[in-house]
Each structure stands twice: as C-alpha cells, then as structure tokens.
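Please read these numbers as outputs of a predicted model, since none were measured by experiment.
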Amino acid sequence: EFETRDLGYSVGYAIAERYRAQAGDKAQAIADLIELDYQDPDAVDALVEASGYFERPISELRAEAPRVVRVEGLESDELAPGQHTLTFVFSRPMDPAFRGFDYGPLGEDHVLGIANVVGMSEDQRRLTVEVDLNPEHRHQMTVTSGFRTPEGIRLVPYLIDVTTGPAE
C-alpha cells in the first residue's frame with residue numbers, strides 16, 4: 001500500500017536525510033546521526049524536531065496520543081487472589097478491532113493473564129476484562145500500542161503491576 005518494503009526504515013531514512021540536508025555542517029550532521037543515543041527519547045525527539053520532518057512539533061503530536069486514564073478494579077496495587085473484573089478507561093475512543101496486551105518487565109512468569117474479554121463499551125472508551133490472580137504473586141501486564149483510535153493513533157503503553165496476598 002505504501003510502496004515501500006519497510007515503512008519504519010523508510011521514515012527513518014527520510015528523517016536522517018532531512019536532518020543532513022538542513023544542516024550547515026553536513027559532516028557534523030552525519031556524526032550527530034551516528035553518535036545519537038537512540039535509547040534517549042529526548043535526544044531522539046530533538047533530532048527529529050530539528051530535521052523538520054513533521055509539520056507540527058512532536059510534543060503536539062504526542063499530546064494527541066490516547067492513554068489509559070485509569071483501571072477500574074485496581075484501586076490498590078495489592079489485591080486478594082482470585083477472579084477480578086478490570087475496566088480500562090481510555091482518554092479517547094478506541095477502535096475495537098485493535099488491541100494489545102503483553103508481559104510486563106518481569107516476563108512471562110509474572111503475567112497478569114486475561115481469562116475473559118467482557119467487551120468494549122458503546123462509546124469505545126472502556127474495555128472490560130476478567131483476570132485470575134494467583135495468591136502471593138506479583139502480576140504484570142502491559143496494555144500496548146496495539147490499541148488504536150479509529151484514526152489509527154496508537155495508545156501510549158501502560159503498565160499494570162499488582163501483588164496478591166495469601167489465599168484465604
């Protein structure tokens with residue numbers, strides 16, 4: 001559809017090309033691109049901003065990104081073991097055809113698994129799921145950028161991290 005094999009590389013190349021083209025010192029621009037700490041989001045944003053690739057500032061574009069504003073059913077970071085109903089409340093309506101969940105930083109052994117997807121609310125701002133929590137365990141789940149608005153804007157990832165007490 002986009003007539004390119006890998007859109008990510010294509011966009012990255014276009015940003016780098018624009019950054020070099022606008023620079024007074026082309027050699028320094030290439031050095032900046034090579035030496036950039038790509039793990040530093042602020043440094044990457046500054047370089048992309050300086051490239052002039054986007055028509056609007058990155059801060060404006062990021063402000064439009066949907067977020068999880070709260071998770072109902074997680075009023076505490078320590079819950080009793082057993083089944084719980086969680087409702088993810090989004091800042092904007094989400095496209096029900098797209099969603100994504102993944103492990104948290106602790107990996108598969110600590111995943112907060114979804115037992116059942118109850119469904120999306122009519123206004124598409126709330127998704128309800130049922131989860132099973134093991135006793136005396138730390139559970140994590142990342143609500144990922146697999147979620148998208150109807151316009152295709154990806155969700156800012158959100159980490160859920162809960163611990164359970166002993167079985168009753």
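With sequence neighbours left out, the side-chain contact (heavy atoms from CB on, under 4.5 Å) criterion links Ala23 to Ala29.
Closest approach of Ile153 to Pro66, counting heavy atoms only: CG2-CD, 3.5 Å. The shortest non-hydrogen separation linking Gln22 to Ser51 is CG-O, 4.3 Å. Residues Leu61 and Arg56 share a closest heavy-atom pair of CD2-NH2, 3.6 Å. For Pro135 against Ala167, the heavy-atom pair with the smallest separation is CB-N, 3.6 Å. Scanning all heavy atoms of the two residues, the minimum distance from Ala115 to Asp132 falls at CB-OD2, 3.5 Å.
Environment of CZ in Arg62: sparse, with no more than 12 heavy atoms of neighbouring residues, nucleotides or ligands closer than 6.0 Å. Within 6.0 Å of CD on Glu75 lie more than 12 heavy atoms contributed by other residues, nucleotides or ligands. Remark: Gln39 CD is loosely packed, at most 12 non-hydrogen atoms of other residues, nucleotides or ligands lying under 6.0 Å away. Summarising the local packing, OH of Tyr9 is surrounded by 12 or fewer heavy atoms from other residues, nucleotides or ligands at distances under 6.0 Å. By the 6.0 Å contact criterion, CD on Gln83 is enclosed, its count of non-hydrogen atoms from other residues, nucleotides or ligands being greater than 12.
Between Leu112 and Asp161 there is no side-chain heavy-atom pair separated by less than 4.5 Å. With contacts defined as side-chain heavy-atom distances shorter than 4.5 Å, the pair Leu74/Leu79 qualifies. For the pair Thr144/Pro157, no side-chain contact is recorded, criterion being any heavy-atom separation below 4.5 Å from C-beta on. Residues Val89 and Arg125 form no side-chain contact, since every pair of their non-hydrogen atoms from C-beta on lies 4.5 Å or further apart. For the pair Leu155 and Val68, the minimum side-chain heavy-atom distance is below 4.5 Å.
In this structure, CZ in Phe54 is found 12.5 Å from CD in Glu60, a value given to the nearest 0.5 Å. A distance of 10.5 Å separates CD in Glu49 from CD1 in Ile15, rounded to the nearest 0.5 Å. Atom OG1 of Thr85 and atom CD of Glu72 lie 11.0 Å apart (nearest 0.5 Å). Between Phe147 atom CZ and Phe88 atom CZ the span is 6.5 Å, to the nearest 0.5 Å. Atom CD in Gln28 sits 10.0 Å away from atom CD1 in Ile30 (nearest 0.5 Å). The CD atom of Glu17 sits 11.0 Å away from the OH atom of Tyr53 when rounded to the nearest 0.5 Å.
The hydrophobic clustering, which links ILVMFWY residues whose side-chain heavy atoms are closer than 4.5 Å, places Tyr19 and Val48 together. A continuous path of hydrophobic side-chain contacts links Leu33 to Ile58 [ILVMFWY only; heavy atoms under 4.5 Å].
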Which atom pairs, donor and acceptor, lie under 3.5 Å between side-chain atoms of residues 92-109 and protein residues at least two apart or in another chain?
unit_1 : atom_1 : unit_2 : atom_2 : d
Arg92  : NH1    : Glu64  : O      : 2.5
Arg92  : NH2    : Glu151 : OE1    : 3.2
Asp95  : OD1    : Ala97  : N      : 2.9

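Looking at Ile114, Leu86, Val71, Val111 one by one, the single match for side-chain contact (heavy atoms from CB on, under 4.5 Å) with Met141 turns out to be Ile114.
Ion pair Asp32/Arg20 not flagged as a salt bridge, since none of the NZ, NE, NH1 or NH2 atoms sits closer than 4.0 Å to an Asp/Glu carboxylate oxygen.
Between the side chain of Thr164 and the backbone N or O of Asn134 there is at least one donor-acceptor pair closer than 3.5 Å. Between the side chain of His110 and the main chain of Arg138, a donor-acceptor pair closer than 3.5 Å is present. Arg67 places a side-chain N or O within donor-acceptor distance of the main-chain N or O of Ala65, the cut-off being under 3.5 Å.
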